[in-house]
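Each remark here refers to the structure printed beneath this line.
Order of listing sets the numbers, starting from 1, for every ligand and every atom in it. Numbering starts at 1 and runs along the sequence shown. Because only heavy atoms are used, hydrogens play no part in the values below, and waters and symmetry mates are left out as well, while side chains stay in.
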Amino acid sequence: MITVENLTKTYGAQRAVDGVSFTCEPGTVTGFLGPNGAGKSTTLRMICGLTPPSSGRATVSGVAYRRLGNPGRHVGVLLDASAQHAGRTGREVLALAAITMGLDTARVPDRLARVGLDGTAAKRRVRAYSLGMRQRLGLAYAMLGDPAVLVLDEPANGLDPEGIHWMRGLLRGFADRGGTVLLSSHLLREVEVVADRLVVIGNGRILTQGDKEALLGAAGTMVRTTDPAALDALLQRMGLTGTTSADGSVLVPADAQTIGQAAAAAGVVLLELRPAGSGGLEEMFLRLTAGAEPEKAAR
Ligand SMILES: Nc1ncnc2c1ncn2[C@@H]1O[C@H](COP(=O)(O)OP(=O)(O)OP(=O)(O)O)[C@@H](O)[C@H]1O
């Protein structure tokens, strides 16, 4: 369980994170979404005790991160895949972490294998790892102490499509066994498949949050018809404005049942009627974050 209450971080006059509140429940994956510079990393760093908040608080399993004894046994953190010592081998990185956490180093080979790093990779120095291999090592590191909570910043960076698919399965399995996952990304599709809940942030503020299905439902319905003019007239009578895509399908801000029933009653033939899904999420995301300026300055 992660609880974030009114978390705020100011840098000079800038509010990088501004009154952010949300919770992540056991058994769920929460996708933390926002454009570049929205405040995702700063929020995660505050949850993990790496950046002190200007105000507000964050707890993991009811306790501030810095007050957790042996934190790696409670929360697994992957904020920067390149944070590991480049001169150590993958095996050494995990063995040192195991010793620090008071764990038997005998678990290390199995944990490396679980993230797809074989015996040869385990013996290579981290500086020779690809970004994808570093992400895998970072995940093994985060999960080494069998924590109940995972906090991951852009974990799919550098993974190939097979790697992204694998990571989703890993995180889904972790949550299905009762774990809590908070996963940040600026890539919608990456989290869409695996997340149960979404928290969308822009300019440091929460833009929307909630159950993914509910947010997707609220995103609208894709409709295709043989008679666009009749559909348009119907939508106008319903007080709705559709957005027509290049392929002729129309995104309508209402649920499928409402539109389907109204179309049937009006005799408008529909070829397609489906929750907007990823297109809707993308559309919702772009609409919500339209005012959020992408970060331009180097950090
Ligand atoms: N140490 C710092 N000093 C000053 N400003 C900072 C610092 N860290 C972050 N910021 C600023 O706070 C804002 C939020 O940054 P943050 O890294 O949290 O965004 P993000 O959502 O993680 O972005 P990205 O997807 O690009 O990683 C940005 O405008 C950034 O420049």
Side-chain angles (χ1 to χ4, degrees), residues 2-24 29-60 64-66 75-84 131-132 134-135 138-139 142 149-159 164 167-168 171 181-195 197-210 212 215 278 281-282 284-299:
I2 300 172
T3 308
V4 172
E5 293 169 279
N6 243 326
L7 213 49
T8 297
K9 180 69 188 179
T10 52
Y11 290 110
Q14 188 197 4
R15 281 182 175 245
V17 175
D18 191 0
V20 164
S21 301
F22 61 85
T23 56
C24 306
V29 177
T30 301
F32 191 32
L33 300 166
N36 291 134
K40 303 182 297 295
S41 299
T42 306
T43 302
L44 298 188
R45 290 178 61 82
M46 287 193 280
I47 293 170
C48 299
L50 293 167
T51 295
S54 303
S55 62
R57 64 187 214 126
T59 58
V60 178
Y65 183 93
R66 282 169 174 259
V75 49
V77 177
L78 173 54
L79 298 186
D80 179 1
S82 298
Q84 303 298 348
L131 180 55
R134 288 178 199 207
Q135 293 284 20
L139 278 169
V149 176
L150 286 178
V151 177
L152 312 171
D153 198 3
E154 307 273 0
N157 265 1
L159 291 177
I164 290 174
M167 187 197 65
R168 286 184 191 137
L171 300 183
V181 182
L182 175 60
L183 163 76
S184 96
S185 182
H186 61 280
L187 302 173
L188 291 175
R189 285 170 208 281
E190 174 194 317
V191 287
E192 190 192 329
V193 184
V194 72
R197 295 192 79 255
L198 299 174
V199 176
V200 185
I201 185 174
N203 276 341
R205 293 190 179 181
I206 299 277
L207 299 174
T208 190
Q209 62 174 310
K212 181 182 70 178
L215 289 177
S278 57
L281 182 59
E282 196 162 280
M284 177 192 80
F285 180 82
L286 291 172
R287 181 166 41 79
L288 285 171
T289 59
E293 270 286 288
E295 180 177 345
K296 295 188 185 87
R299 241 170 267 167

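- Distance CG/Leu198 to OG1/Thr30: 8.5 Å, rounded to 0.5 Å.
- No N or O atom of Thr43 sits closer than 3.5 Å to an N or O atom of ligand 1.
- Contact annotation: the side chain of Tyr65 never approaches that of Val151 to less than 4.5 Å [non-hydrogen atoms, C-beta and beyond].
- Checked by distance only, ligand 1 and Gly37 come closer than 3.5 Å through their nitrogen or oxygen atoms.
- Listed by atom number, the atoms of ligand 1 under 4.0 Å from Ala16 heavy atoms are 12 (O), 13 (C).
- Ligand-side atoms of ligand 1 in range of Pro35: 21 (O), range being under 4.0 angstrom from any heavy atom.
- Summarising the geometry, atom CG belonging to Leu182 is positioned 10.0 Å from atom CG belonging to Leu150; distances are rounded to the nearest 0.5 Å.
- Counting heavy atoms under 4.0 Å from ligand 1, residue Ser184 does not touch it at all.
- Using a 4.0 Å heavy-atom cutoff, Gln14 is listed among the residues neighbouring ligand 1.
- Of all the atoms in ligand 1, the ones that sit under 4.0 Å from a non-hydrogen atom of Asn36 are 23 (O), 24 (P), 25 (O), 26 (O).
- For the atom pair CG (Asp80) and CG (Leu44), the distance works out to 12.5 Å, reported to the nearest 0.5 Å.
- The shortest N/O to N/O separation between Gly34 and ligand 1 does not fall below 3.5 Å.
- Shown are Arg168, Lys212, Met167; of these, the side-chain contact (heavy atoms from CB on, under 4.5 Å) with Val194 is made only by Arg168.
- Using a 4.0 Å cut-off to heavy atoms of Lys40, the atoms of ligand 1 that qualify are 18 (O), 19 (O), 20 (P), 21 (O), 22 (O), 23 (O), 24 (P), 25 (O).
- Sparse packing is recorded around CZ of Arg205, with 12 or fewer heavy atoms of other residues, nucleotides or ligands lying under 6.0 Å away.
- Contact check for Leu139 versus Leu152: side-chain heavy atoms found under the 4.5 Å cut-off.
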